[in-house]
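Read the structure below first, then the notes.
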Amino acid sequence: FKKNIHSYTTTCWIVKRRDSSTDNSSERLVRSLTTTYLICILFQSHTFSSTLTARASTSIAVTAKKSDALPFLGYPENLSGYVGDVGFDPLRFSDFAPMDFLREAELKHGRICMLAWTGFVTVDMGARIYPLPEAYEGLTSVTAHDALVQQGAMSQIFLWCAVFETVASISLIQMLYEESGRAPGDFGLDPLGFLKGKSEEEVDQMKLREIKNGRLAMLAFSAVVTQSVLTQGPFPYV
C-alpha cells in the first residue's frame, strides 16, 4: 500500500510540474489517476482479506477433531465424557436429542437384546419350561410368535412391558427435566454386588463392558433372527 501511495503522489507531482497553467486537462488527468489508484487499493485490500479468510477456514478444517470410529466424519462433541464414546454418531442424533436420553435408550435396548439372544437360541437348542402347554409343542423361536399371539400370551407380555415402561418413564423425566442426579440406565439393580466397593475407574470399566456387550447383542439378535427365518432350522441356523 505504501508503494502504491508513493507512486500516486509522484505521478501527480510530475503532472502538475509539466502543466503549471492548471488547465482543465491537467485536473482531469489527476482525477483519473486518483480514481484508478483508489480502485487498485480497494481491490488489493479485498484480495488480501479473502486470502486470510481462506487460510483461516483451511486451518480450522485441518485441525477439526475427527471421529475415532468414522475418521472421515467430524467428532460429535456431545458424546464427550460418556463411557464407551468412540465418536460414532453418523446421523448426529446427539446434536438435537439429550445425551442422557440416548444413553438410556442404548442401555435398555442392549440389555433387552442380551436377554433376547440368549432366550432365542436356548429355545432352539431344546430348552423348555415344564409343564409345557399343548399349544407350545413343536414350536421354534420363529414359529412361536404367531402361535403365542393366537393363544394370548403375547398380549400379556405386551401389557407387562407397557406397565414397566410407564413406571420407568417417571425416573427418566426426573433425570432429564428435574436434575434428579440419576445416571442413565441406573435402576439400582446389582444383586450380585459387582459394583460394591469398586473405585470410579473400576465402575467405569464395568459400564464399558456392559455397553460393548449390549451393542454386540443388538447386532447379534438382528442377525440370529434373520438367519433362523432364512434357514428355518435349529441352532446354529446353517
Side-chain angles (χ1 to χ4, degrees), residues 67-70 76 78-79 81-94 97-129 136 139-149 151 153-173 175-176 182-195 203-238:
S67 165
D68 292 336
L70 303 170
N78 291 333
L79 300 184
Y82 285 84
V83 175
D85 168 31
V86 291
F88 185 83
D89 185 15
L91 300 180
R92 307 293 294 202
F93 287 117
S94 60
M99 265 304 301
D100 285 347
F101 173 80
L102 296 176
R103 175 48 56 93
E104 178 98 6
E106 181 180 28
L107 284 170
K108 183 179 294 184
H109 284 82
R111 291 165 179 171
I112 290 173
C113 284
M114 283 188 279
L115 293 172
W117 187 92
T118 304
F120 195 98
V121 171
T122 300
V123 167
D124 280 350
M125 291 178 69
R128 298 290 187 273
I129 297 177
Y136 296 0
L139 295 178
T140 66
S141 293
V142 172
T143 60
H145 178 273
D146 292 347
L148 296 184
V149 168
Q151 194 265 349
M154 292 297 286
S155 299
Q156 293 188 42
I157 294 175
F158 177 79
L159 173 63
W160 288 110
C161 287
V163 171
F164 178 79
E165 285 295 318
T166 301
V167 174
S169 65
I170 298 173
S171 61
L172 179 62
I173 292 171
M175 177 186 68
L176 294 176
R182 170 183 173 271
D186 182 9
F187 292 96
L189 183 65
D190 185 19
L192 300 181
F194 285 118
L195 302 182
V203 170
D204 286 344
Q205 185 64 32
M206 293 295 290
K207 289 181 178 179
L208 179 61
R209 290 170 181 169
E210 181 183 29
I211 284 288
K212 285 185 173 181
N213 282 280
R215 291 169 178 172
L216 178 61
M218 286 187 275
L219 294 173
F221 184 68
S222 301
V224 77
V225 171
T226 302
Q227 189 70 6
S228 64
V229 170
L230 292 176
T231 62
Q232 292 295 315
F235 183 81
Y237 314 112
V238 292

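Please read these numbers as outputs of a predicted model, since none were measured by experiment.
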Compile the donor-acceptor pairs under 3.5 Å between side chains in residues 210-219 and protein atoms, sequence neighbours left out, one pair per line.
residue : atom : partner : partner atom : Å
Glu210  : OE2  : Arg111  : NE           : 2.6
Glu210  : OE2  : Arg111  : NH2          : 3.2
Asn213  : ND2  : Arg209  : O            : 2.7
Arg215  : NE   : Glu106  : OE2          : 2.6
Arg215  : NH1  : Gly84   : O            : 3.1
Arg215  : NH2  : Gly84   : O            : 3.3
Arg215  : NH2  : Glu106  : OE2          : 3.2

* Asked: Taking atom CG of Leu230 as the centre, does the number of heavy atoms from other residues, nucleotides or ligands within less than 6.0 Å exceed 12?
  -> yes

* With a cut-off of 6.0 Å (strictly less than), are more than 12 heavy atoms of other residues, nucleotides or ligands near CE of Met125? -> no

Using side-chain heavy atoms (C-beta onward) and a distance below 4.5 Å, is [X] in contact with [Y]?
X: Asp68; Y: Phe88; result: no
X: Arg182; Y: Asp100; result: no
X: Gln156; Y: Leu159; result: no
X: Leu70; Y: Pro90; result: yes
X: Val224; Y: Gln227; result: no

Taking atom [atom1] of [X] and atom [atom2] of [Y], what is their separation to the nearest 0.5 Å?
X: Phe187; Y: Ser171; atom1: CZ; atom2: OG; result: 5.0 Å
X: Arg128; Y: Thr122; atom1: CZ; atom2: OG1; result: 10.5 Å
X: Ile129; Y: Tyr136; atom1: CD1; atom2: OH; result: 10.0 Å
X: Asn78; Y: Leu102; atom1: CG; atom2: CG; result: 9.5 Å
X: Arg103; Y: Lys207; atom1: CZ; atom2: NZ; result: 9.0 Å
X: Leu115; Y: Phe221; atom1: CG; atom2: CZ; result: 10.5 Å

Compare every heavy atom of [Y] with every heavy atom of [X], then report the nearest pair and how far apart it is.
X: Val83; Y: Asp204; value: CG1-O, 3.7 Å
X: Ser222; Y: Thr226; value: O-OG1, 2.8 Å
X: Met99; Y: Ser94; value: SD-CB, 3.6 Å
X: Thr143; Y: Thr140; value: OG1-N, 2.8 Å
X: Leu107; Y: Pro184; value: CD1-O, 3.3 Å

* Is a side-chain N or O of Asp89 found less than 3.5 angstrom from the main chain of Pro76, in a donor-acceptor match? -> no

* Asked: If only atom types and distance count, is the side chain of Asp124 paired as donor or acceptor with the main-chain N or O of Ser141 below 3.5 Å?
  -> yes

* How would you list, by chain and number, every residue that makes a side chain to side chain donor-acceptor pair (under 3.5 Å) with Asp186, sequence neighbours excluded? -> none

